[in-house]
Amino acid sequence: MFVAVIPVLPPSSRRPWRAVRIALAAMLAWAAAAGGAAAASLTVLMGDDMAASSEFVQQLRADQEPGGRFELVRIPPGGAAVAQPEAAALAPAPDPERAANAGVRTRSLRSAAADAPLTMAVGPAAARAAIERPGQEPLVLAMLSRLEYETLKASSPALRRGDRRVGVLLRDPAMADQLALVNAVLPQKHRVGVVATPESEPLVRELQRAAQGANPAWDLRVEYVPDARSIASALRLVVPQSDALMVLPDLIGDNQAATLSVLRAGASAGLPVFGASEGLVRSGGLAAAVSTPSQLAQQARQLGQKVASAAAAGAGSSSNAPLVEAATPAAVRVNATVARGLGLRLPEERELTDRLAAPR
């Protein structure tokens, strides 16, 4: 017959073990509280079925911690109303009063930001609907271009409501990152030419600030055209005064014919063309600093934590302007065929990506 023998420690040995158990219980409770910071309720508003938006939402769902509530809400065409929730994918978060070990309370360890629900709007249609929704929970607007955000800011006073904190994540890297890529590829050149439309003025101002703040400063030549169909004459002025051309993520960058006109002008003059999309590189551009929907989803979560923390701190309406971030470049894409045609020997894409990330 098997008999279990349980050793009995003398009283002098029990006290250290009791202290160890108390310490372990406290550590487990702290771990539970720390895990709760990523398990807050997340409501995602989605206004389109584009592949990039779907990938963004899939990454958000994949990154949601067990115990957090994930709710996807579809915005109908026009964005006049919010559709019924499509799914509540994950179980509700557990009662924060209950610790992993009996007798240990964890609410004091949890930040208010961790417990606060967060709403995230994906794309311009969802952003418009989100800022008109009632409620005071923190809000992140994601997958917006700079020009879409500027239009939203001009037409929607609710974006600056004093009782709600808002973060905005732009889908394109900052102009400073774009110029840093040009510098990494053409270190001895400092003349960049751009053709823009009047609607692109916010992007041009950002580019000008980045050019002036660089060391040495860039010589930036900008020519404006009334629309994307009228760029031929502007290119004839810009090309002779440039070492490289840049296609902005604007009406010209979104117009295939206009983009091809810039690429042809660059090829004819032996000038490299830079931009912010893989499509431009595939079409004949030399290089682009790009973001990806999955990377943007991760950055959006980080921005959401910042916005929730600001809301928990109780910032007043005087400092309630949206917190705007440009996309962190996820990768650099290079067209090796174009590089060879221009007689350029470029670093590998990974090395260029690391160079852009180094100053951060």
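Atoms considered below: every heavy atom in the structure, side chains included; atoms not considered: hydrogens, waters and symmetry mates.
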Ring pair (Phe, Tyr, Trp, His ring centres under 6.0 Å) contacts in which one or both residues fall within residues 196-252, not counting sequence neighbours: His190-Trp218

Residue pairs passing the ring pair (Phe, Tyr, Trp, His ring centres under 6.0 Å) test with at least one member in residues 140-159, sequence neighbours excluded, are none

Is there a donor-acceptor contact under 3.5 Å linking the side chains of Glu55 and Ser294? yes

Sequence neighbours excluded, which residues qualify as side-chain contact (heavy atoms from CB on, under 4.5 Å) partners of Glu150? Arg146, Lys153, Pro202

Which residues pass the side-chain contact (heavy atoms from CB on, under 4.5 Å) test with Ala158, not counting sequence neighbours? Glu132, Arg161

Can you name the closest pair of heavy atoms from Val168 and Pro322 and give their distance? CG2-CB, 4.1 Å

So, for Ala130 and Leu45, which heavy atoms are closest and what is the spacing to 0.1 Å? CB-CD1, 3.6 Å

Residue pairs fulfilling salt bridge (Lys or Arg N to Asp or Glu O under 4.0 Å) with at least one residue in residues 321-344, sequence neighbours excluded: Glu278-Arg333, Lys306-Glu325, Arg333-Glu349

Rounded to the nearest 0.5 Å, how far does [atom2] of [Y] lie from [atom1] of [X]?
X	Y	atom1	atom2	value
Leu42	Thr119	CG	OG1	8.0 Å
Leu207	Ser200	CG	OG	11.0 Å
Leu118	Leu139	CG	CG	7.5 Å

Would a single hydrophobic cluster contain both Val185 and Leu356, if residues Ile, Leu, Val, Met, Phe, Trp and Tyr are joined by side-chain heavy-atom contacts under 4.5 Å? yes

Sequence neighbours excluded and cut-off under 3.5 Å, please list the side-chain donor-acceptor pairs for residues 279-293, or say none.
residue	atom	partner	partner atom	Å
Ser283	OG	Gly279	O	2.9
Ser291	OG	Arg171	O	2.5
Thr292	OG1	Gln295	N	3.2

Test your reading of the model: is there a side-chain donor-acceptor pair from Ser41 to the backbone of Gly68, 3.5 Å cut-off? no

Looking at Arg74 and Asp49, is any side-chain nitrogen of the basic one under 4.0 Å from a carboxylate oxygen of the acidic one? yes

